[in-house]
Amino acid sequence: MSASYEVRGNVAVITLDNPPVNGLGYDTRRGITDGLARALADAAVAAVVITGAGKAFSGGADIREFGSPKALAEPNLLSVIKALEASTKPVVAAINGVCMGGGLELALGCHYRVAASGVAVALPEVKIGLIPGAGGTQRLPRVIGVEHALNMIVSGEPVKSELLAAIPGQTLFERVVDADVVGVAVALAEEMAAHHAGGAALPLVRNLKASHPNADAYFQFARNTVRAMAKNFPAPAKCVDAVESALKRRFDDGMAYEREIFTALMFTPECKALRHAFLGERAASKIPDVPADTPVRNIAKVAVIGAGTMGGGISMNFLNAGIPVMLLEMKQDALDRGVATIRKNYESRVKKGKLKQEKYDKTMALLSTTLSYDDIQDADLVIEAVFEEMGVKEKVFKALDEVMKPGAILASNTSTLDVDQIAAFTKRPQDVVGMHFFSPANVMKLLEVVRGAKTANDVLATVMKLAKTIRKTAVVSGVCDGFIGNRMIEQYSRQAGFLLEEGCTPQQVDKAVEKFGFAMGPFRMGDLAGNDIGWAIRKRRYQEKPGLRYSKTADLLCELGRFGQKTGAGWYDYVPGKRDAVPSELVVKMIADHRKELGITPRKISDDEIVHRLVYSLVNEGARILEDGIASKASDIDMVYLTGYGFPLWRGGPMCYADTQGLFNVVQAMNRFAANPHDDASFWQPAPLLSKLVAEGRPLI
Ligand code: NAI
């Protein structure tokens, strides 16, 4: 049973005990109802206290039960709450720590609530595309008022217990205390047992009335605001409907309405995508052949080699987490430039009021610089971010091998080079790993952790743990050209090129992709990142594979020196000082001329075809990445795209999207694309994994 029972004086104390956050899984729910039944049957018990073991009261549903029959097995949470409400002995919730989702709904079913101060209280269901499903939308407005409740429900954000207790007229918390919340709850339970002994009815939140002085206008306003802010997510607008019914319907009808909405949302593709992303984030940190209890190395000091674009951003991640960083460069002026950029970044945050001066000073004090390898030898982790040339990497890694203390982790931020080859420059390849950050490295969530053939398990485990400390979503990738993300984006870019040749303008492609939900279409993205980067990759790639078909349009653009925003012109024109992409007549003509040279008669291509060719090119390459064992699960690929490439969250990533479309349909579309003479038929051969899944009628995830 994941809850314990003890009697203190005449009060039974039920303690939820299901680490890490006392999730309300089947055993915990049973623990509550069994404990309650025991308390009710015991004449020596006059009242009940429910609390949580460890740091949480309850974090809500047990995510390990998601999708299993156990999640709904009786007693489900609604039945547990009904049992609490029906108790003839007072039930007091002693909210000792985190109180979220079902945990808060459980507390709202108790007769009284006492909370410790500083407790994070939330109904976060909206973040996985749902609304609270066990009375949260009906009970919370009755105790803290409609507006406060709706704000919490629609944002899913936690609010501290003492702030909630300060809401005028609130009946959520009887008391908020700084210490011994269980002791205070037990005392209150005794007091209430005496108070109600004469037969006075126990207070139930359901009997309170939710009201608002200007309800219709308020809900109209809320609806408009929410629709504008969350247009691709159905749940937030439904939060408004549910809370409105707390005010306008009888309690039981409101509960039925909440359930109806909850069930309908559960089957939406957006909810599926959000739950997939939520679980995918957690799954990414688990590596199939690296046991969870693998010991990790202590990382107290970090060194970064190269103070350029990436080195500076990478350093900031560690400084932000309070970990000292030493930056190493070849020349003093490069160091000075690097440090100045870091300062500028922090100072703009100070100016905007997002960072306190004092914190800034403390953070900068953690940064030191050097021109000598001798000064970094005792670092626990060193990350190399020098020029992307094997010769330069070789020099750096040989130097590191000479000086670094035994057990130090040697990481490379290379985006295209072979990590195994880099590891072979050292006599300790087991300590070498890729840490592929994305630009700007202090902002982007994604970190591809590149596992070399010889990378030790404890190195991987350490880097994955460290990623959490610096708030990155880390995904493990095997060694291959481009790793997971860039290997896939290369196919996407090739498709974008073919689309231009066949009749699209850059603007049309970007618009279709942005309408689909990407933060940026491929051509705007190219202009931002610098078209010369792709140019350099293509030169190498098509030398290696001369038979590979690709569109030369992007090369022609680069030959004109149109590298993107940094040169003031790319696929689009740019007005100095502005980032707006202005369609360029010159580029449209350049594409048309090239098309003519190729003898292609332009055709009108639908937005659907644009999107499917681009997204399915990601899916097909993603499937090959799975087959090759570069990614260990489809959800890892989705996490890469959601956190590093601006893939729309509500579509769950390319692999989740393919499942939503139906793999049968995806493969059919690929076969159609393969028949297009202007495309690359060999690329559109569905990856064997996809064909196999279709034959077996199974999804990718
Ligand atoms: P960058 O050119 O801005 O910075 C490189 C820095 O390394 C320069 O300051 C240079 O002085 C320094 N450096 C060169 N050789 C050195 C040596 N032997 N010892 C010490 N310092 C040395 O380059 P960037 O963009 O920061 O890229 C660095 C690495 O990060 C490359 O491997 C690149 O492929 C990778 N990367 C770049 C991304 C980007 O978007 N720029 C994204 C992900 C990875």
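When a ligand or atom number is given, it counts from 1 through the structure's own listing order.
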message: Can you give me the closest heavy-atom contact between I701 and A634, atom names plus distance?
response: CG1-CB, 3.8 Å
Working for side-chain contact (heavy atoms from CB on, under 4.5 Å), residues Q495 and Y616: CA-CA 10 Å; Q495 273 306 312; Y616 292 170; over 6 Å; no
query: Is there a donor-acceptor pair closer than 3.5 Å between any side-chain N or O of D481 and the backbone N or O of R487?
result: no
query: Got a sec, which residues hit side-chain contact (heavy atoms from CB on, under 4.5 Å) with P324, two or more places apart in sequence or on another chain?
result: L366
- request: Determine, step by step, whether V587 and T505 satisfy the side-chain contact (heavy atoms from CB on, under 4.5 Å) criterion, reporting the C-alpha distance in whole Å, the side-chain angles of both residues, the deciding distance to 0.1 Å, and the verdict.
  value: CA-CA 9 Å; V587 169; T505 60; over 6 Å; no
side-chain hydrogen bond (donor to acceptor under 3.5 Å, both in side chains) partner of D607, the single match among K515, K511, H612: K515
Which protein N or O atoms sit under 3.5 Å from any N or O of ligand 1? Give each pair with its distance.
from: ligand 1; atom 1: 3 (O); to: T309; atom 2: N; distance (Å): 2.9
from: ligand 1; atom 1: 3 (O); to: T309; atom 2: OG1; distance (Å): 3.0
from: ligand 1; atom 1: 9 (O); to: E329; atom 2: OE2; distance (Å): 2.5
from: ligand 1; atom 1: 11 (O); to: E329; atom 2: OE1; distance (Å): 2.9
from: ligand 1; atom 1: 11 (O); to: E329; atom 2: OE2; distance (Å): 3.2
from: ligand 1; atom 1: 21 (N); to: E329; atom 2: OE1; distance (Å): 3.4
from: ligand 1; atom 1: 26 (O); to: T309; atom 2: N; distance (Å): 3.3
from: ligand 1; atom 1: 26 (O); to: M310; atom 2: N; distance (Å): 2.7
from: ligand 1; atom 1: 30 (O); to: N413; atom 2: ND2; distance (Å): 2.8
from: ligand 1; atom 1: 32 (O); to: V386; atom 2: O; distance (Å): 3.3
from: ligand 1; atom 1: 32 (O); to: E388; atom 2: OE1; distance (Å): 2.5
from: ligand 1; atom 1: 32 (O); to: K393; atom 2: NZ; distance (Å): 2.6
from: ligand 1; atom 1: 34 (O); to: E388; atom 2: OE1; distance (Å): 2.9
from: ligand 1; atom 1: 34 (O); to: E388; atom 2: OE2; distance (Å): 3.4
from: ligand 1; atom 1: 34 (O); to: S415; atom 2: OG; distance (Å): 2.8

